[in-house]
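Accompanying notes for the structure given below.
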Amino acid sequence: MEDHGGTIYENTDVTDIGSGHVRARQGTVTASVVIRATEAYTPRFAAYRRHIAPLYSLVVATAPLPGALRRDLGLDSRVAFNDLRNLRIYAHPTTNGRLVFGGRGAPYHFRSKVSPRFDTDVKIHARIAGTMRAFFPALADVEITHRWGGPLGVPRDWFPSVGYHPGTGMAWAGPYVGDGVATSNLAGRILRNLITGRRDELNRLPIVNHASPRWEIEPFRWLGVNAGLRAAAAADVEERLTKRPSAISALLEKLTGAH
Ligand SMILES: Cc1cc2nc3c(=O)[nH]c(=O)nc-3n(C[C@H](O)[C@H](O)[C@H](O)COP(=O)(O)OP(=O)(O)OC[C@H]3O[C@@H](n4cnc5c(N)ncnc54)[C@H](O)[C@@H]3O)c2cc1C
């Protein structure tokens with residue numbers, strides 16, 4: 001962005017975003033186009049309280065694994081992988097031979113609260129480490145050296161979006177429902193097209209100008225999201241026991257619209 005003449009103002013706490021303006025404690029910026037790219041932090045703005053629910057994803061990292069062990073486990077390339085269980089998990093070997101292993105399951109916090117103290121959770125990190133060891137029994141004695149996490153922006157229908165309203169000059173990039181590393185790049189290219197009027201087949205993707213329904217008001221949102229997280233965990237137990245697609249999961253998909 002800076003290569004193209006843009007200026008980035010860091011440490012600027014924005015208090016309000018609206019058509020033609022961005023207000024911060026330090027002053028107000030006016031612009032014909034305003035892009036909101038605030039992902040999990042979106043509900044902090046009064047106008048967007050019910051647009052997304054911040055859900056937490058937590059990860060652990062092992063100490064560097066010996067080369068022979070990595071080869072035995074098929075962890076000697078940088079290929080990322082995940083498992084389509086209901087309470088999603090994912091993993092990625094690092095360049096220095098650690099395994100980073102993550103998953104969902106941390107609770108949703110009342111009124112969409114986001115705080116650095118939610119980035120770690122002793123119980124959930126222990127559960128994620130346990131799942132990693134169930135996947136790779138050979139890692140039973142390997143030390144977990146790092147534990148961290150952060151919030152994801154999840155809309156009511158679990159559908160990512162990017163869009164632009166020329167009438168108001170308001171654009172948005174995300175939420176990405178936890179898959180924003182590549183999708184935020186895609187969103188940037190789509191917004192370039194939409195804002196400058198450039199025709200491109202990317203502009204016809206289903207995520208473009210997709211309008212998700214709003215989340216319920218509290219305390220229904222808190223009750224619903226946390227009940228959903230527990231149901232997803234129960235669905236995994238059900239599938240493990242029955243070896244068949246979970247009935248709880250099918251019901252959950254109907255209720256949440258998640259897929
Ligand atoms: C533990 C974890 C693992 C993940 N793993 C993956 C993965 O493997 N693959 C993948 O694709 N995605 C993954 N994600 C999701 C991915 O990190 C996000 O989708 C992506 O970072 C979103 O990018 P973004 O720029 O839209 O939002 P963010 O990176 O969240 O940036 C939002 C920015 O807005 C700023 N901001 C918020 N409020 C204000 C305010 N009031 N004033 C000023 N600035 C503000 C924040 O400081 C922040 O810099 C993971 C996320 C977590 C937490």
Side-chain angles (χ1 to χ4, degrees), residues 1 6-18 21-29 31 34-49 51-62 78-84 87-95 98-109 112-121 124-125 127-129 131-132 144 146-155 158-163 171-192 207 210 212 229:
M1 179 183 165
T7 306
I8 297 173
Y9 291 94
E10 295 188 6
N11 301 314
T12 308
D13 195 0
V14 172
T15 52
D16 175 45
I17 310 172
H21 72 268
V22 173
R23 265 185 216 109
R25 295 192 202 291
Q26 295 88 337
T28 299
V29 177
V34 172
I35 300 173
R36 172 173 56 78
T38 46
E39 190 61 2
Y41 307 89
T42 305
R44 288 182 164 179
F45 300 104
Y48 300 101
R49 284 214 203 294
H51 277 55
I52 68 107
L55 294 193
Y56 275 76
S57 200
L58 267 48
V59 293
V60 298
T62 66
R78 301 261 355 268
V79 174
F81 55 94
N82 72 0
D83 173 294
L84 294 180
L87 219 45
R88 200 61 55 86
I89 54 125
Y90 51 90
H92 197 180
T94 66
T95 45
R98 298 174 189 273
L99 179 64
V100 173
F101 196 100
R104 309 271 169 89
Y108 161 81
H109 299 277
S112 296
K113 194 167 164 52
V114 168
S115 161
R117 73 193 151 90
F118 302 148
D119 293 354
T120 50
D121 182 315
I124 303 298
H125 275 120
R127 198 180 297 162
I128 290 170
T131 306
M132 180 194 79
I144 302 288
H146 299 76
R147 296 166 178 82
W148 76 98
L152 317 166
V154 179
W158 295 64
F159 203 99
S161 70
V162 49
W172 69 97
Y176 305 113
V177 203
D179 291 319
V181 172
T183 325
S184 53
N185 176 290
L186 175 67
R189 287 182 282 138
I190 291 172
L191 281 185
R192 173 206 59 198
I207 61 170
H210 171 77
S212 296
L229 289 170

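Note that the coordinates shown come from a computational prediction; the quantities given were computed from them, not determined experimentally. Start at 1 and go down the list; that is how both ligands and their atoms are numbered.
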Is there a side-chain contact between [X] and [Y], using heavy atoms and a 4.5 Å cut-off?
X: Phe159; Y: Val177; result: no
X: Pro151; Y: Tyr41; result: yes
X: Tyr90; Y: Val59; result: yes
X: Arg44; Y: Thr38; result: no

Derivation and outcome, ring pair (Phe, Tyr, Trp, His ring centres under 6.0 Å), residues Tyr56 and His109: CA-CA 9 Å; Tyr56 275 76; His109 299 277; 5.7 Å; yes

Does ligand 1 have any N/O pairs with the protein under 3.5 Å, and how far apart?
| from | atom 1 | to | atom 2 | distance (Å) |
| --- | --- | --- | --- | --- |
| ligand 1 | 11 (O) | Gly180 | N | 3.2 |
| ligand 1 | 11 (O) | Val181 | N | 2.9 |
| ligand 1 | 12 (N) | Gly178 | O | 3.0 |
| ligand 1 | 12 (N) | Gly180 | N | 3.3 |
| ligand 1 | 19 (O) | Gly180 | N | 3.0 |
| ligand 1 | 41 (N) | Val14 | O | 2.9 |
| ligand 1 | 42 (N) | Val14 | N | 2.9 |

Indicate yes or no for a side-chain donor-acceptor contact from Arg49 to the backbone of Pro43 under 3.5 Å, with no hydrogens or angles considered. yes

